[in-house]
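Beneath this line is the structure, given in structure tokens, with notes to follow.
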Amino acid sequence: MPQTHAGTHGGPTVRSIMRNELSSAIRNALGSLGVPTPETIELERPARREHGAFSTNVALVSAKAAGRAPRDIAADIAAHLDANPPPQVSRVEVAGPGFVNFHICDEWLHDVLRSVVAAGGLWGRSSTGAGTRVLVEYVSANPTGPVHAGHARGAVYGDSLARILRAVGHEVDEEFYVNDRGVQMQAFAASLAARAAGEEPPSDGYRGDYIAEWAAEMPSGSDPLTWGEARALLDQQEVLAELGVVFDDWFSERRMVNSGAIDTTLQDLRTRGVVFDSDGATWLRSTDFGDDKDRVLVKSDGDVTYLLPDIAYHRDKFARGYDLLVDVWGADHHGYVPRMRAAIEALGHAPSSLEVVITQLVRLERGGQEVRISKRWGDLITLRDLIEEIGPDAVRLTYLLQSVDSPQTVDLDVVVSESNENPVHYIQMANARLRSIDRVAAERGLERAPLGSVDLSVLVDQRELEVLRTLELLPEVVELAARERAPHKVTTWVRDLASAVHGFYHDCPVLHPDTPEPVRQARWWLASAAATGLQVGLELLGVTAPEQM
RNA sequence: GCCCUCGUAGCUCAGCUGGAUAGAGCAGCGGACUUCUAAUCCGCCGGUCGCAGGUUCGAAUCCUGCCGAGGGCGCCA
């Protein structure tokens with residue numbers, strides 16, 4: 001039986017082991033050929049299957065230093081490796097401008113299957129991020145109303161990012177900053193009080209329908225500010241939980257301010273010599289740290305600006321021991337990034353210890369017609385509406401379909417449609433089909449052999465191998481998604497796996513009477529491994545994987 | 001005016017630290033169920049990667065400029 005190398009949490013993958021073997025084989029070849037060896041041997045995955053499982057560009061990279069033609073060097077490398085073949089390599093070839101391609105025996109994919117089964121729910125995880133504590137702050141909507149559809153992208157993104165960062169070993173906390181202090185709270189309370197008294201909200205107040213609804217719920221004699229804030233928080237927490245978004249802490253700005261954090265922070269900044277007084281106000285000399293203008297911290301009327309509590313908050317985050325702060329903000333706040341980063345530096349922290357992810361706007365449509373999401377007016381689409389209309393899984397997957405760097409257009413009619421345009425269905429369907437194999441097998445009383453006694457060499461169909469090739473990618477995909485803060489890369493992978501699964505399911509019957517028993521056993525395990533892959537991927541996205549549809 | 005993000009097939013989008021002939025899905029056309037879920041699968045059609053330079057053996061990818069779309073530039077939050 002081939003040795004199972006990988007798959008346990010943090011262990012090397014089959015690919016990384018092969019990569020190391022190939023890498024040293026190439027070094028040996030270069031050494032004995034007298035060709036200068038580059039710092040790193042790049043072994044990449046060719047875009048095309050026919051170019052093998054690995055490809056190296058060393059001949060192209062070192063051509064200049066060696067004073068020889070790339071293809072010439074490549075041919076020598078290939079010849080040398082042909083004479084001293086690394087394990088599992090079936091063929092070495094020179095291609096294109098001077099690439100050396102390595103074709104690997106399919107058996108290595110069978111090792112992948114064993115790795116996935118052995119790892120189970122831990123497949124794809126690693127420990128590369130161990131030792132770094134990360135705080136992801138996201139949503140942070142004002143406690144003056146329901147979470148609306150515009151917040152949904154950040155909510156889903158932040159939660160999935162946290163899951164992915166954990167999967168690579170980071171210690172991650174998720175936090176929602178509650179702006180429960182300031183003029184917007186007064187306006188909110190005044191609006192509630194007015195509606196409760198049967199009057200119109202003040203001109204700078206909130207006019208959404210929810211104000212009237214909440215005012216009607218409000219017991220007489222309650223303080224509209226206290227009651228209203230609690231009502232809003234409850235609503236936000238409930239609806240986010242429905243989406244599977246649960247925070248470790250809802251950090252209260254008011255509590256922080258009451259604890260004296262503003263003064264402490266201002267003191268700290270003064271001690272560091274980065275503030276000055278001018279025109280009766282107190283300023284942060286943020287231009288010393290890359291901002292285009294200095295910023296007011298305390299206004300001439302004595303009130304603090306919004307910036308100072310934000311600085312105090314981030315100072316608090318560092319005080320709690322986090323190494324990296326990830327803030328997820330909407331596109332309308334991106335102008336705020338330089339001053340916040342300047343503040344971080346002014347506090348003595350590396351600018352890179354704050355990372356701000358800006359999520360671009362989402363345009364909602366119904367049948368091609370734009371649906372407006374506006375804040376203070378009545379026609380607001382809440383996150384709750386959205387969840388009721390398309391379901392939590394569809395909300396999550398839809399928002400995680402593409403990079404948050406890109407503006408997104410979502411057609412609600414398409415998302416709910418029972419068609420190929422609906423990727424939620426496509427993926428969940430793949431999982432349900434795999435699960436149906438177990439279900440039907442149980443009904444028929446079929447026995448499953450232990451994996452150790454199953455001969456996987458019967459898995460030779462391209463459909464079967466494609467599933468394994470896709471499964472094999474997950475550790476790298478998770479790694480990359482974590483490093484680039486890009487959950488949508490996991491989504492893309494899950495869709496690819498679902499596609500491979502549908503192909504396998506279509507062409508490779510498991511339980512059919514014509515399927516020979518040894519093939520059935522091997523395919524059955526393949527189906528299990530694929531189901532594991534789908535579940536792991538969907539878990540990182542926070543999307544459920546129903547067993548039946 | 002300055003800053004940020006984006007511009008890839010008719011539509012919605014992928015494209016990893018630069019790699020080989022730029023990929024999916026939908027739409028359009030044509031096929032496939034005696035089988036574990038046909039809400040599936042296969043084939044065809046479809047692209048001057050916004051434009052112009054530059055770097056490089058090699059650019060959708062990196063740099064510069066321009067064009068276009070969205071967002072932001074307060075002692076507002």
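Computed from a predicted model, the values in this text were never measured in an experiment. The figures that follow rest on heavy atoms only: side chains count, while hydrogens, waters and symmetry mates do not.
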Is A:Lys293 close enough to B:G74 that one of its side-chain N or O atoms is under 4.0 Å from OP1 or OP2 there? yes
OP1 or OP2 of B:U37 versus the side-chain N and O atoms of A:Arg439: is any pair under 4.0 Å? no
Taking only residues two or more places apart in sequence or in another chain, which ones pass side-chain hydrogen bond (donor to acceptor under 3.5 Å, both in side chains) with A:Arg315? A:Asp268
For B:U37, does OP1 or OP2 lie under 4.0 Å from any side-chain N or O of A:Tyr505? yes
State the dot-bracket string of RNA chain B. Criteria: Watson-Crick or G-U wobble, both atom distances under 3.5 angstrom; notation: ( ) intrastrand, [ ] crossing earlier pairs, | interstrand, . unpaired. (((((((..((((.....[...)))).(((((.......))))).....(((((..]....))))))))))))....
Shorter than 3.5 Å, N or O on both sides, protein versus nucleotides 42-44 of chain B: list them out with atom names.
unit_1 : atom_1 : unit_2   : atom_2 : d
B:C42  : OP1    : A:Arg463 : NH1    : 3.2

Integer-rounded Å distance: B:G70 P and A:Asp405 CG: 19 Å
For A:Arg270, the side-chain hydrogen bond (donor to acceptor under 3.5 Å, both in side chains) test, sequence neighbours excluded, returns A:Asp277
Do A:Arg520 and A:Trp525 form a cation-pi contact, if we require the NZ or CZ to be under 6.0 Å from the six-membered ring centre and within 45 degrees of the ring's axis? no
If the threshold is 4.0 Å, N to carboxylate O, is there a salt bridge linking A:Arg254 and A:Glu229? yes
What residues form a side-chain hydrogen bond (donor to acceptor under 3.5 Å, both in side chains) with A:Glu389, not counting sequence neighbours? A:Arg366
Within residues 326-334 of chain A, find the residues that approach RNA chain B with a heavy atom at under 4.0 Å, and present them sorted by residue number. A:Ala331, A:Asp332, A:His333, A:His334
Short N-O contact, A:Arg285 and A:Asp291, less than 4.0 angstrom: no
Without decimals, in angstroms, what is the distance between A:Asp277 CG and B:C75 C1'? 13 Å
All salt bridge (charged side-chain N to carboxylate O under 4.0 Å, His left out) counterparts of A:Asp461, not counting sequence neighbours: none
Is the distance from OP1 or OP2 of B:G23 to the nearest side-chain N or O of A:Arg48 less than 4.0 Å? yes
Where along residues 517-534 of chain A does a heavy atom come under 4.0 Å from RNA chain B, residue by residue in number order? none
Produce a footprint string for nucleotides 10-18 of chain B: one letter per nucleotide, 5' end first; B if the base is under 4.0 Å from any protein heavy atom, S if only the sugar-phosphate is, - if neither. ---SSSSS-
So does A:Glu365 pair up with A:Arg363, basic N to acidic O under 4.0 Å? yes
Charged N to carboxylate O under 4.0 angstrom, A:Glu479 versus A:Lys489? no
What residues form a side-chain hydrogen bond (donor to acceptor under 3.5 Å, both in side chains) with A:Glu355, not counting sequence neighbours? A:Arg485
Could you tabulate the donor-acceptor pairs under 3.5 Å formed by side-chain atoms of residues 57-72 of chain A, not counting sequence neighbours?
unit_1  : atom_1 : unit_2  : atom_2 : d
A:Ser62 : OG     : A:Val58 : O      : 2.5
A:Arg68 : NH2    : A:Asp76 : OD2    : 2.7
A:Arg71 : NH1    : A:Gly96 : O      : 2.5

Are A:Arg463 and A:Asp507 ion-paired here, with the side-chain N under 4.0 Å from a carboxylate O? yes
With respect to the phosphate group of B:C76, does any side-chain polar atom (N or O) of A:Lys299 fall under 4.0 Å of OP1 or OP2? yes
Which residues in residues 50-64 of chain A have a heavy atom closer than 4.0 Å to any atom of RNA chain B? A:His51, A:Ser55, A:Asn57, A:Leu60, A:Lys64
